[in-house]
Amino acid sequence: MVVTPHPDDAEYGVAGTVARWTIEGKRVIYVVCTSGDKGTSDINKKPEEVVRTREQEQTAAAKLLGVCEVVFLRHPDQGLEDTPEFRKEIVRLIRMYRPEVVVTADPYRRYVWHRDHRITGQVTLDAVFPYARDHLSYPDLLEEGLMPHKVKEILFWASEDINHRSDITDTFDIKFAALRRHKSQVEYLNNPEGEKRLRERYQSLAEGEDFELAEAFHRVQIFR
Ligand SMILES: [Zn+2]
């Protein structure tokens with residue numbers, strides 16, 4: 001399960017790894033917390049138009065990657081808060097889909113880091129442990145038949161403390177194509193210089209490994 005603050009963050013953070021997983025036959029679910037309604041520099045665009053475009057783009061990108069379901073939570077862009085309601089929403093989804101691995105933004109990146117990214121990472125971490133695990137956390141969810149669930153590991157993208165690199169050499173092209181589905185956000189990828197810069201970024205993340213391109217994470221194993 002990938003929990004992403006905005007449309008496109010997951011494609012930067014983990015799409016190459018997601019493509020590898022789906023090729024291997026694993027099921028991947030996207031949870032998109034906001035629909036990026038502030039993500040435009042066009043002063044004439046209404047937020048609902050932006051939402052429509054960005055959800056379409058996210059759905060197209062996910063489809064290309066073989067993601068089997070995309071859940072839009074539709075919180076306001078730049079409006080995520082660490083609330084009991086948001087946490088419970090994520091717990092509910094974890095108990096419904098019962099993922100082995102959860103991937104999200106690292107909440108502990110310092111200084112200039114989008115508040116929505118920090119909050120998404122924090123709330124998701126808390127939802128995984130301990131709230132999704134403990135049956136007494138939400139007796140009402142239990143009554144609905146949503147049993148507790150132990151996630152085995154969490155991967156945080158954009159971490160300053162990388163301890164896990166995932167080989168995306170063979171899936172970089174799919175990642176790149178998925179990123180390009182976010183047409184309204186990634187105009188810079190239309191020129192070769194943009195593609196080159198992007199490739200270099202994932203090359204540098206593979207430094208020290210015996211593969212060429214990587215996505216890099218802080219990995220936390222919770223239950224073995
Ligand atoms: Zn974002």
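We count ligands from 1, going down the list as the structure has it; atoms in each ligand are counted the same way.
- Trp113 forms part of no hydrophobic cluster, judged by ILVMFWY side-chain heavy-atom separations under 4.5 Å.
- Of all N/O/S atoms in His6, ND1 sits nearest the Zn ion (ligand 1).
- Backbone or side-chain N, O or S atoms of Asp9 reach the Zn ion (ligand 1) at under 2.8 Å.
- At least one side-chain heavy atom of Asp116 sits less than 4.5 Å from a side-chain heavy atom of His6.
- When you scan the N, O or S atoms of His117 for the one nearest the Zn ion (ligand 1), you land on NE2.
- Residue Arg95 comes nearest to Tyr131 through the heavy atom pair NH2-O, 3.1 Å, listed as atom of the first residue, atom of the second, then distance.
- For Arg109 (side chain) and Ala158 (main-chain N/O), a donor-acceptor pair under 3.5 Å exists by modelled atom type.
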